[in-house]
Amino acid sequence: MTRILFVCHGNICRSPMAEFIMKAIVKREGVANEFVIESAAAQDDELGNDMYPPAKAVLREHEVPFERRQARLVRRSDYSKWDYIIAMDEENLYDLSYILGGDPDKKVKLLMTFSGEKRAVSDPWYTRDFEKAYSDIKRGCEDFFAVLTTKK
């Protein structure tokens, strides 16, 4: 069982989009039963809130199924529960370092590094470009899945 936790600032845009995109990928590939995939926030601004409506809209446009959820905060105890903790940007990496108390097992990664880029996933909260965020996340998740399946 491979356990993946996606993380962004508030857990209402990028990380839940990544959660549901990755769930769709593993379902498409017929290996959904081999994965546990969730998302969480690095900050407490949006705790308890559902995914932001424009994020839901872009997932609908791309026929990515999702469900109602509530933003939750990453906890120090999450480190031992997840195989991969995937951040959307450098600020998330910084926050995760503080929350988790380090990364001795090298579980924390930036999503776009799986696509060969050391950069953030475009943040639609500021740009309002949810399509660009979707494109980044989709590519990052597809490339991440390819890395995971070559390791098996």
Side-chain angles (χ1 to χ4, degrees), residues 1-52 55-56 58-59 62-125 133-152:
M1 186 69 62
T2 301
R3 301 177 58 81
I4 303 165
L5 182 67
F6 290 102
V7 178
C8 70
H9 180 92
N11 192 217
I12 62 166
C13 294
R14 294 175 294 171
S15 62
M17 288 171 65
E19 172 186 345
F20 293 115
I21 290 168
M22 192 63 141
K23 284 178 175 177
I25 292 167
V26 299
K27 183 177 181 182
R28 177 193 74 206
E29 298 299 321
V31 293
N33 62 333
E34 298 175 26
F35 289 85
V36 175
I37 302 165
E38 293 181 14
S39 62
Q43 296 287 327
D44 62 6
D45 312 34
E46 300 287 345
L47 296 186
N49 291 336
D50 193 10
M51 193 173 8
Y52 194 53
K56 290 180 182 181
V58 77
L59 291 178
H62 291 278
E63 300 178 353
V64 175
F66 61 88
E67 56 197 33
R68 184 166 173 72
R69 48 173 308 289
Q70 290 186 322
R72 77 158 182 94
L73 192 60
V74 173
R75 296 175 297 275
R76 186 174 290 246
S77 62
D78 282 323
Y79 193 78
S80 64
K81 296 176 184 173
W82 300 96
D83 300 311
Y84 296 91
I85 301 172
I86 308 300
M88 299 296 124
D89 63 34
E90 295 284 344
E91 179 186 342
N92 307 151
L93 290 175
Y94 176 81
D95 291 339
L96 284 166
S97 176
Y98 175 76
I99 294 166
L100 300 172
D103 182 20
D105 299 326
K106 307 294 183 223
K107 295 179 179 189
V108 180
K109 311 230 182 274
L110 199 59
L111 179 62
M112 296 311 294
T113 60
F114 293 102
S115 297
E117 298 180 55
K118 191 174 187 323
R119 69 171 178 88
V121 168
S122 176
D123 191 344
W125 185 258
Y134 173 86
S135 176
D136 282 354
I137 295 165
K138 171 84 163 139
R139 194 172 91 222
C141 285
E142 291 283 3
D143 293 339
F144 180 30
F145 181 76
V147 167
L148 290 172
T149 55
T150 59
K151 287 184 176 182
K152 290 189 175 195

Applying side chain to side chain contact (heavy atoms under 4.5 Å, CB included), name anything that partners Arg68, two or more places apart in sequence or on another chain.
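Residues passing side chain to side chain contact (heavy atoms under 4.5 Å, CB included) with Arg68: Asp50.
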Restricting to non-hydrogen atoms, name the atom on [X] and the atom on [Y] that form the minimum distance, rounded to 0.1 Å.
X      : Y      : answer
Leu93  : Ala87  : CD2-CB, 3.7 Å
Ser122 : Ala133 : O-CB, 3.4 Å
Trp82  : Val36  : CZ3-O, 3.7 Å
Phe6   : Cys141 : CZ-SG, 4.0 Å
Ala55  : Ile12  : CB-O, 4.1 Å
Leu73  : Asp78  : O-OD2, 4.3 Å

Give a yes-or-no answer on whether the side chains of Asp95 and Asn92 include a donor-acceptor pair shorter than 3.5 Å.
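Distance-only check fails for Asp95 and Asn92.
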Under 3.5 Å, is there a donor-acceptor pair between the Ser115 and Asp143 side chains?
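Present: a donor and an acceptor within the cut-off.
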With side-chain contact (heavy atoms from CB on, under 4.5 Å) as the test, would you mind laying out the steps for Glu90 and Leu110 before giving the verdict?
CA-CA 8 Å; Glu90 295 284 344; Leu110 199 59; 3.8 Å; yes
Atom pair [atom1]/[atom2] of [X] and [Y] - distance to nearest 0.5 Å:
X      : Y     : atom1 : atom2 : answer
Asn11  : Arg69 : CG    : CZ    : 4.0 Å
Ile4   : Glu19 : CD1   : CD    : 10.5 Å
Asp103 : Tyr79 : CG    : OH    : 3.5 Å
Lys27  : Asn33 : NZ    : CG    : 12.5 Å
Ile137 : Ser15 : CD1   : OG    : 8.5 Å
Leu111 : Met88 : CG    : CE    : 5.0 Å

Check: [Y] and [X] side chains under 4.5 Å, non-hydrogen atoms:
X      : Y      : value
Lys107 : Asp83  : no
Tyr52  : Pro124 : no
Val31  : Thr149 : no

Using the side-chain contact (heavy atoms from CB on, under 4.5 Å) rule, take Cys8 and Trp125 through it: C-alpha gap first, then chi angles, then the decisive distance, then the call.
CA-CA 11 Å; Cys8 70; Trp125 185 258; over 6 Å; no
Is there a donor-acceptor pair under 3.5 Å between the side chain of Asp45 and the backbone N or O of Gly10?
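Not at all, since once roles are kept as given, no pair shorter than 3.5 Å links the two residues.
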Met112 backbone acceptor or donor facing Arg119 side chain under 3.5 Å
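Judged by distance alone, no pair lies under 3.5 Å.
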Salt bridge check: are Asp136 and Arg14 linked by an N-O gap of less than 4.0 Å?
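Arg14 and Asp136: not salt-bridged.
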Please evaluate residues Val64 and Met17 with respect to the criterion side-chain contact (heavy atoms from CB on, under 4.5 Å), reporting the C-alpha separation (whole Å), side-chain torsions for both, the decisive distance (0.1 Å), and the verdict.
CA-CA 9 Å; Val64 175; Met17 288 171 65; over 6 Å; no
Show, in sequence, the C-alpha distance, side-chain angles and deciding distance for Arg72 and Glu38, and conclude whether the side-chain contact (heavy atoms from CB on, under 4.5 Å) test is met.
CA-CA 10 Å; Arg72 77 158 182 94; Glu38 293 181 14; 4.3 Å; yes
Residues which pass ring-ring contact (aromatic ring centres under 6.0 Å, His included) with Phe144, listed by chain and number, not counting sequence neighbours
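Partners of Phe144 under the ring-ring contact (aromatic ring centres under 6.0 Å, His included) test: Tyr84, Phe114.
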